[in-house]
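To start, the structure under review is shown below, and the notes come after it.
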There are 2 protein chains.
Amino acid sequence: MLVIGELINGMYNQAGGAIQKKDKSVIQRLVREQVEAGCDVLDLNCGPLSHNPAEDMAWLVESVQEVTDKMLCLDSTKPNAIEEGLKIIRNKAIINSTSADKEKLDVFVPLALKYKTGLIGLTLDKKGVPQDKDRRMELAAMIIADCQEKGFPLEDLYIDLVILPVNVAQAQLEDTLNALAEFKIHSSPAPKTVVGLSNVSQGMKERSLVNRTFLIMAIVNGLDAAILDPLDKELMDSLITAELILNKQIYCDSYLQAYKKK
Amino acid sequence: MLVIGELINGMYNQAGGAIQKKDKSVIQRLVREQVEAGCDVLDLNCGPLSHNPAEDMAWLVESVQEVTDKMLCLDSTKPNAIEEGLKIIRNKAIINSTSADKEKLDVFVPLALKYKTGLIGLTLDKKGVPQDKDRRMELAAMIIADCQEKGFPLEDLYIDLVILPVNVAQAQLEDTLNALAEFKIHSSPAPKTVVGLSNVSQGMKERSLVNRTFLIMAIVNGLDAAILDPLDKELMDSLITAELILNKQIYCDSYLQAYKKK
């Protein structure tokens, strides 16, 4: 599974302060820590306080590329911020994200095609986050259809089902898990699936426990990628063990350590 | 989900010594600890060193019933040991277990009918543990057919898929998880499913982590019952959280504590 590290996000204190002060050392430490913990992709988000997201994103990409060759996931609602990052990116990237709104798809899908990137598509639109599985599937189908129309390869599309927190929408989570499994029969090749994991436990007391339990459930239902905190050791250990049980990691006594050296 | 506590088993040091010395206090402490941790059913197994399993089982049932009204699961390969226990049991019990062998089914199904108990059916026979999902499903079908023929209610039947350890049969576990989900469409009413959880991590270093990860995966695939160590707090917390996510426990900040007071 693709592990996308979430910590370089201006919303969080450490990265937020570093972006404002243009302090590379903090960002580069966050890169190293997340990579050592086993993450495959680094999410870069300038955060809500950025006055110049395009400049900040370019600075983030530059700073991060000085210390890693890992794939980057450019995370912004502003197409120009994402494009400034893409202009200087060395490896394949992922755009995070488009919604199912036509005007968003008409900007982000061509951008992803131009720079040959992956693309995360959120199953929500101007009306908000859907309240049931059918509407989630409908919005996903709209994103998929638009990508097919524009010639965007579905194997580079990641559908994000937008999980709501347990304490907000407890009755919806089983549906969302079922939807993950259904995606695999949705079209061929099937789009990949991704979750922004931390949202599931927003505002709850047992955040780490809820995060890792939901992640394991999503993995057994075929989840392809997750945006998460790779420094949460118990979360990463759960992820690695779930992959071990599904025969995606080779067993050895020290399988947890072996994963991080992959 | 039905949590069956595994600790009153002569195979383990504490219970083994207590059964030999007929020391009630140890057994009754194991009852209290498991019930406080949230278990619904107590498995009682005299262990391999018992010289007189029938007498030992009756003593176990008596000792346990002095301190709890929880359901008991009588665990022995010897029908006479199970029957001695059933003769004095107050509440509904479960027989653990029959195999798919005709001569076993011809003894244990009538015994379960006579005492109106539940029955665990292991998907194995004289040839041993099956090596793939098809054979597991075939053995399960043999047990189900035999129960139907003898008029045993399928809602009281628990199919145990006999999970092998990750380090022995890593490639089989995903199949076993899929089989769990398939059971729900196997017959109507579908038989329940149960796993002897600890086996999945036999001989491994990260036992508790592997146990709880597999349990969560099994729960999302519809598992109805598990024989496990309820004193493994992280395991129980994972189980409760999985049920919370599937909307089977009501959310509150202290949902972990609330479960144990149910």
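Residues of residues 194-206 of chain A having a heavy atom under 4.5 Å from any heavy atom of chain B, listed by number: A:Met204, A:Lys205, A:Glu206. Residues of residues 153-170 of chain B lying under 4.5 angstrom from chain A, judged on non-hydrogen atoms, are B:Val166, B:Asn167, B:Gln170 by number. Contact annotation for residues 8-17 of chain B against chain A (heavy-atom separation below 4.5 Å): no residues qualify.
In this structure, the portion of A:Glu234 lying under 4.5 Å from any heavy atom of chain B is its side chain and not its backbone. For chain B, the nearby parts of A:Leu246 are the backbone and the side chain; heavy atoms of each come within less than 4.5 Å.
Per-residue counts of heavy-atom pairs under 4.5 Å with chain A were compared for B:Asp253, B:Leu173, B:Ile216; the largest is that of B:Ile216.
Checked against side chain to side chain contact (heavy atoms under 4.5 Å, CB included), B:Thr241 has the following partners two or more places apart in sequence or in another chain: A:Leu209, A:Val210, A:Thr213, B:Ile245, B:Tyr255, B:Leu256.
Within 6.0 Å of atom NZ in A:Lys233, 12 or fewer heavy atoms from other residues, nucleotides or ligands are found, so the atom counts as exposed in its surroundings.
B:Val220 places a side-chain heavy atom less than 4.5 Å from the side chain of A:Asn221.
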